[in-house]
Participant: 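Sharing a structure, written as structure tokens. Questions coming.
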2 protein chains.
Amino acid sequence: MTQTSFLAVIRLLSAQALLEQKFSQELGSVHGLSLNDSLLMMHLEQAPLLRLSRVDLAKRLCVSPSTVTRMTLPLEKLGMLGREADVRDARLAYVTLTDTGRKVIGAARQTLERKSKEVFKDRWSADEIEALADLLGRLTASQPNDLV
Amino acid sequence: MTQTSFLAVIRLLSAQALLEQKFSQELGSVHGLSLNDSLLMMHLEQAPLLRLSRVDLAKRLCVSPSTVTRMTLPLEKLGMLGREADVRDARLAYVTLTDTGRKVIGAARQTLERKSKEVFKDRWSADEIEALADLLGRLTASQPNDLV
DNA sequence: CCGATATATTTCCGAACGCAAGCATTTAGC
DNA sequence: GCTAAATGCTTGCGTTCGGAAATATATCGG
């Protein structure tokens, strides 16, 4: 007898692998971004001053701080991200979203939206998609600021 | 106005990152397995002869064939997996689950089940967990043999 | 003010992955 | 039966990631 919670977790992991496979390629070739790059920039998009500290980003993305450092480096060189210091705390190195970055993530979002619709194209009603989004939202609710 | 399907996809990706972070550490330190190692062995567990070809495993895990080759190598040396040839097709190199492997993945599954329950510990009813599992099952239904 | 602790960031190192290329074998067309 | 295409698997290379250590700054207790 298999536990329902275990079943849900396994299926979520499998579903993610499937989605990543479907999205990664086009996102990279068209916009030059990885899936995680996009999530990072989307977090910045909705941040108060279009900026977040690196540890804050790490928590939101569930990755290590070193990963954030390495992820932002090339995006900064491409002019999509910037770096800003805090007046009161010299340790902080905010990651900022530049105008270029806003345009790029906006375009990437359109690709993601289109491919998201494809995922549910057949055999899914609007109510079912919303039910899934709601349930998943409860999982991520424990995390710092929910996305979208 | 954000699309519901896009919202669901983003939340699924975020939720997976959260779960991987919560599960990975204990799974590795206690059983010496990664999350993907466990999924691989669980696929073998439910396979007809406790064996699957490498490309089949790759499709089920949504990873490249080369990844399967590299994943199985250390597990084979540890005696958890074996290698079996096909009588009719000399290209095939089945990955088999040994007795040792069955015991290890059985123990790892218990850890996964326990931690899965923790995820839904508070604020989740049995019906809601089942609803989530069902909806996620429809996402992975398009894939070769569903797990669990 | 001073030392101890905590926090933010970066760098180094090893592990894991995808892709392209290569090899072996099987299948299909003729 | 023979060549060409397809399939299964592995290897080399570049990329990405987490953890530990190092550095810099901030905070707390006295």
Participant: Can you list everything that forms a side chain to side chain contact (heavy atoms under 4.5 Å, CB included) with B:Ser53? Sequence neighbours excluded, please.
Facilitator: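 B:Ser53 satisfies side chain to side chain contact (heavy atoms under 4.5 Å, CB included) with B:Val55, B:Asp56, B:Leu92, B:Tyr94 only.
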Participant: Using the test salt bridge (Lys or Arg N to Asp or Glu O under 4.0 Å), find all partners of A:Glu26 that sit at least two apart in sequence or belong to another chain.
Facilitator: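 In terms of salt bridge (Lys or Arg N to Asp or Glu O under 4.0 Å), with neighbours along the sequence ignored, A:Glu26 is linked to A:Arg114, A:Lys115.
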Participant: Any side-chain heavy atom of B:Ile129 within less than 4.5 Å of one from A:Thr4?
Facilitator: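 Yes - at least one pair of side-chain heavy atoms lies under 4.5 Å apart.
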Participant: Rounded to the nearest angstrom, tell me the gap between atom NZ in B:Lys77 and atom P in C:dA15.
Facilitator: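 The answer, rounded to whole Å, is 12 Å.
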Participant: Spell out protein contact along nucleotides 21-28 of chain C as letters: B when the base is contacted, S when just the sugar-phosphate is, - when no protein heavy atom is under 4.0 Å; keep the 5' to 3' order.
Facilitator: ---BBS--
Participant: Report, as a single string ordered 5' to 3', how protein heavy atoms within less than 4.0 Å touch nucleotides 10-16 of chain D: B base, S sugar-phosphate only, - not at all.
Facilitator: BB-----
Participant: Going by side-chain hydrogen bond (donor to acceptor under 3.5 Å, both in side chains), name the residues that satisfy it together with A:Ser24, two or more places apart in sequence or in a different chain.
Facilitator: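 Scan of A:Ser24 (side-chain hydrogen bond (donor to acceptor under 3.5 Å, both in side chains), adjacent residues dropped) gives none.
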Participant: What residues in residues 9-22 of chain B put a non-hydrogen atom under 4.0 Å from any atom of DNA chain D?
Facilitator: none
Participant: What residues, two or more places apart in sequence or in another chain, satisfy side-chain hydrogen bond (donor to acceptor under 3.5 Å, both in side chains) together with B:Thr72?
Facilitator: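 Listed in chain order: B:Arg54.
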Participant: Determine the contact category for B:Ser34: base if any of its heavy atoms lies under 4.0 Å from a base atom, sugar-phosphate if only primed atoms, P, OP1 or OP2 are that close, otherwise nothing.
Facilitator: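 The answer is nothing, as B:Ser34 stays clear of every strand by at least 4.0 Å.
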Participant: Taking salt bridge (Lys or Arg N to Asp or Glu O under 4.0 Å) as the definition, give me every residue that meets it alongside B:Asp86, ordered by chain and number, with sequence neighbours left out.
Facilitator: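 For B:Asp86, no residue satisfies salt bridge (Lys or Arg N to Asp or Glu O under 4.0 Å) once neighbours in sequence are set aside.
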Participant: Counting distance only, does the side-chain N/O of A:Thr100 pair as donor-acceptor with the main-chain N or O of A:Met80 below 3.5 Å?
Facilitator: no
Participant: May I have all residue pairs that pass ring pair (Phe, Tyr, Trp, His ring centres under 6.0 Å) and include part of residues 5-30 of chain A, sequence neighbours excluded?
Facilitator: none
Participant: Excluding sequence neighbours, so at least two apart, what forms side-chain hydrogen bond (donor to acceptor under 3.5 Å, both in side chains) with B:Arg83?
Facilitator: none
Participant: Send over the distance from B:Asp56 CG to D:dG8 C1', rounded to a whole Å.
Facilitator: 12 Å
Participant: For residues 9-20 of chain B, which residue pairs qualify under side-chain hydrogen bond (donor to acceptor under 3.5 Å, both in side chains), counting only residues two or more places apart or in two chains?
Facilitator: B:Gln16-B:Glu20
Participant: Let me know the distance between CG of B:Leu57 and C1' of D:dC9, rounded to the nearest Å.
Facilitator: 13 Å
Participant: For B:Glu84 and D:dC9, what is the distance between atoms CD and C1' respectively, to the nearest whole Å?
Facilitator: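 For the pair B:Glu84 CD and D:dC9 C1', the rounded distance is 17 Å.
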Participant: If I take atom CG in residue B:Leu92 and atom P in nucleotide D:dT7, what distance separates them, rounded to the nearest angstrom?
Facilitator: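 Spelled out: CG on B:Leu92 to P on D:dT7 is 13 Å.
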Participant: Go through the structure and list residues passing side-chain hydrogen bond (donor to acceptor under 3.5 Å, both in side chains) with A:Arg102, not counting sequence neighbours.
Facilitator: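 A:Arg102 satisfies side-chain hydrogen bond (donor to acceptor under 3.5 Å, both in side chains) with no residue once adjacent residues are dropped.
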Participant: Rounded to whole angstrom units, what separation is found between the CZ atom of A:Arg51 and the P atom of C:dA8?
Facilitator: 15 Å
